[in-house]
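Here is the naming used below: chain letters follow the sequence lines, and residue numbers restart at 1 for every chain. From a predicted model like this one, the values you see are computed outputs, not experimental measurements.
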Protein chains: 2
Amino acid sequence: MPDQKSGQDTRERILDIAERLFMENGYEATSMRMITGAAEVNLAAVNYHFGSKEALLREVFRRRLSWLNGERLVALDKLEAQAGGAALKPSQILEAFFGTLLRMGEDESLGGMTFLRLLGRTLTEPAEFIRTFFAGEYAQVIDRYKLALFRALPDVPKAEIVWRLHFMLGAMSYAIAGTDVLQVVTGCGLGDLAGEGGSDGAGDTALARRLAQRLMPFLLGGLRAPLPQLLDVAHKPAVTHDGAGVQIHDSGINAQNQ
Amino acid sequence: MPDQKSGQDTRERILDIAERLFMENGYEATSMRMITGAAEVNLAAVNYHFGSKEALLREVFRRRLSWLNGERLVALDKLEAQAGGAALKPSQILEAFFGTLLRMGEDESLGGMTFLRLLGRTLTEPAEFIRTFFAGEYAQVIDRYKLALFRALPDVPKAEIVWRLHFMLGAMSYAIAGTDVLQVVTGCGLGDLAGEGGSDGAGDTALARRLAQRLMPFLLGGLRAPLPQLLDVAHKPAVTHDGAGVQIHDSGINAQNQ
DNA sequence: GTCTATAGGTGGATAGAC
DNA sequence: GTCTATCCACCTATAGAC
């Protein structure tokens, strides 16, 4: 850091502001000028520090995700060390994966709910460079947690576990995105705690904790649901998506092993 | 329709192309020129037929959502008529709400998986005009289904039901968006059936059906999960998100009433 | 590291002829 | 209803002085 003034300050200020604006408007709808204007830095400073708008977005995520996914690996390591070779309980695995994330929402120094919302909103962006970036950032963690779930649920087909991992990720990411129709239609729900835009109050901390309390049982219930009957028979769409599917034997799912 | 040529054809062609391109690139990253280029119509035609880019997006959704939400209301009416005053089973309600949507994915004339993906990707867009639009389109349906779920689960706090409705919407919308990290990280999952972009093959139909078979049990399992213990006590984040919560009495959740 | 100035391009929208 | 031509706001990125 050769010449003048703040340097590190400028970099961090740009990242903080970019994080908030990308969250509020999305990547495409946020211009460099909006960011530099709000951060009170020169337009050229962004390209000096990060190189391009794409690289800026990547850096906004990298500084949070490398911490998050590192913590997730540590949490899993710790659990597996405690278990001493035995399979983990699904609830432990979910707690390590989703709980670690949701706790970021309570910590402003880790981005708080601003980052959580940004993450939820960005995970469904179609832009190629974003998906490629996320794939790299998540590869190791997803792999480790997938294997842990396979071991925890040995009687559930692996493909089924992967599907349900999708669904769990979706339930969480949509919930933290906080953009869904229910928020506007009904007063009830996520909307009654945090303001719409980027309000960083004490309410956000409460929201993160409450969200965790609500979400975790839902995810666990979904993960442990009876397996579907896979019938590729009729052309008529199956009308019985009831709980009539194969019940997984109790020892594996409903009793001890939860 | 006064003067010349196709008229209706042009309108529909623009909508079809816009639907696909908005799905592939997102709203902001899709330009009017991309749309008119692919649809082989003049740039001015879009503004003539729809007035603006925002209005075009609204119309892309309106023609599908008015059908979808109409069907959802009909399905619920039918179920309630059959039940003759009794409360519906949660599985019936979910089937009517989510099954109706997922069946659109099997029908190319209703947009097929292209529309489903677009919907999943757009539900988390932060743009104000989009959220306002969705709120209006969904208001009636959400309200009716919320009440049906309240009646179906009289022992579950209404706030809890609304939260779980959020989570279910999220799991589904994320799954149909088909943009998540798992797709890229692992070969397993949603990615092994349909091509990434906008391929409209027979594979998409199979994908929609398979998705429904997998998703429905997951949602039902989450909806019927044991209630969380709501403890606003310690500052230490609760480490026991286990299934250790209050068990809802069997008659309401686990037995008949599924 | 910061700044001004600007290149070089693309965006949505419209006027007006046919 | 369709098309050409055009306006002009705004974008990302960079060159080059300090």
Side-chain angles (χ1 to χ4, degrees), chain A residues 1-22 24-61 122 125-130 132-133, chain B residues 1-61 63 122 125-130 132-133:
Chain A
M1 294 83 188
D3 231 9
Q4 260 163 313
K5 259 201 264 190
S6 35
Q8 193 65 6
D9 269 15
T10 299
R11 230 186 101 93
E12 293 296 313
R13 194 164 65 252
I14 292 173
L15 288 174
D16 289 342
I17 296 284
E19 181 170 71
R20 183 171 61 80
L21 291 179
F22 283 144
E24 289 174 358
N25 313 308
Y27 174 73
E28 296 286 347
T30 303
S31 72
M32 302 278 267
R33 282 176 170 82
M34 291 167 67
I35 295 169
T36 55
E40 294 179 297
V41 299
N42 191 273
L43 176 61
V46 177
N47 286 304
Y48 173 80
H49 283 287
F50 304 99
S52 71
K53 190 186 174 186
E54 289 194 3
L56 171 61
L57 182 73
R58 275 192 294 263
E59 185 57 24
V60 164
F61 277 102
T122 311
E125 288 264 330
E128 193 59 35
F129 86 94
I130 296 179
T132 305
F133 170 73
Chain B
M1 295 83 185
D3 232 7
Q4 259 163 312
K5 259 201 264 192
S6 36
Q8 194 65 6
D9 269 17
T10 300
R11 231 187 101 91
E12 293 297 313
R13 195 163 66 252
I14 293 173
L15 287 175
D16 289 341
I17 297 284
E19 182 170 70
R20 183 171 61 81
L21 291 180
F22 283 145
M23 180 273 285
E24 289 174 358
N25 314 307
Y27 173 74
E28 295 287 347
T30 303
S31 71
M32 302 278 267
R33 285 174 170 83
M34 291 167 65
I35 295 169
T36 56
E40 295 178 296
V41 298
N42 192 272
L43 176 60
V46 176
N47 285 305
Y48 172 80
H49 284 287
F50 304 99
S52 71
K53 190 186 175 186
E54 289 195 2
L56 171 60
L57 182 73
R58 275 192 294 262
E59 185 56 24
V60 164
F61 277 102
R63 70 169 175 163
T122 312
E125 288 264 330
E128 193 59 35
F129 87 94
I130 296 180
T132 305
F133 170 73

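- Of all nucleotides listed (C:dA15, C:dG11, D:dT14), D:dT14 comes nearest to the side chain of A:Ala44.
- Side-chain contact between A:Ile130 and A:Phe61: absent, with no pair of heavy atoms (C-beta onward) separated by less than 4.5 Å.
- Counting any heavy atom pair closer than 4.0 Å across all strands shown, A:Thr30 reaches sugar-phosphate atoms only and no base atom.
- A salt bridge links B:Arg20 with B:Glu24: the closest approach of a Lys/Arg side-chain nitrogen to an acidic carboxylate oxygen falls below 4.0 angstrom.
- For the pair B:Tyr48 OH and D:dC3 P, the computed distance is 13 Å after rounding to whole Å.
- Between the CE atom of B:Met32 and the P atom of C:dA13 there is a distance of 5 Å, given to the nearest Å.
- Nearest nucleotide to the B:Thr10 side chain, out of D:dA13, D:dT2, C:dA13: D:dT2.
- Between D:dC11 and A:Ser31, a contact under 4.0 Å exists linking OP1 or OP2 to a side-chain N or O.
- Atoms CD1 (B:Ile14) and P (D:dC3) sit 10 Å apart, rounded to a whole Å.
- In this structure, of D:dT2, D:dA13, C:dT2, it is C:dT2 that holds the atom nearest to the side chain of A:His49.
- Atom CG of B:Leu43 is separated from atom C1' of C:dA15 by 13 Å (rounded to the nearest Å).
- With distances taken from any side-chain atom of B:Asn42 to the nucleotides C:dC3, C:dA13, D:dC3, the minimum falls on D:dC3.
- In this structure, B:Leu56 places its CG atom 15 Å from C1' of C:dG11, rounding to the nearest Å.
- Comparing B:Val41 and A:Lys53 by the nucleotide of DNA chain D that holds the closest heavy atom to each, the one mapping nearer the 5' end is B:Val41.
- Atom P of nucleotide D:dA13 and atom CG of A:Leu57 are separated by 12 Å, given to the nearest angstrom.
- In this structure, B:Asn47 atom CG and C:dG11 atom C1' are separated by 12 Å, rounded to whole Å.
- The residue A:Ala45 sits apart from the nucleic acid: no heavy atom pair falls under 4.0 Å.
- Between B:Thr122 and B:Tyr27, the closest side-chain pair of non-hydrogen atoms is not below 4.5 Å.
- Atom pair B:Phe50:CZ and C:dT14:P shows a separation of 16 Å (rounding to whole Å applied).
- For the atom pair CD (A:Glu12) and CG (A:Leu15), the distance works out to 5.5 Å, reported to the nearest 0.5 Å.
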I'd like to know whether A:Asp16 forms a salt bridge (Lys or Arg N to Asp or Glu O under 4.0 Å) with A:Arg11, so could you lay out the CA-CA distance, the side-chain angles of the two residues, the decisive distance to 0.1 Å, and finally the verdict.
CA-CA 9 Å; A:Asp16 289 342; A:Arg11 230 186 101 93; over 6 Å; no

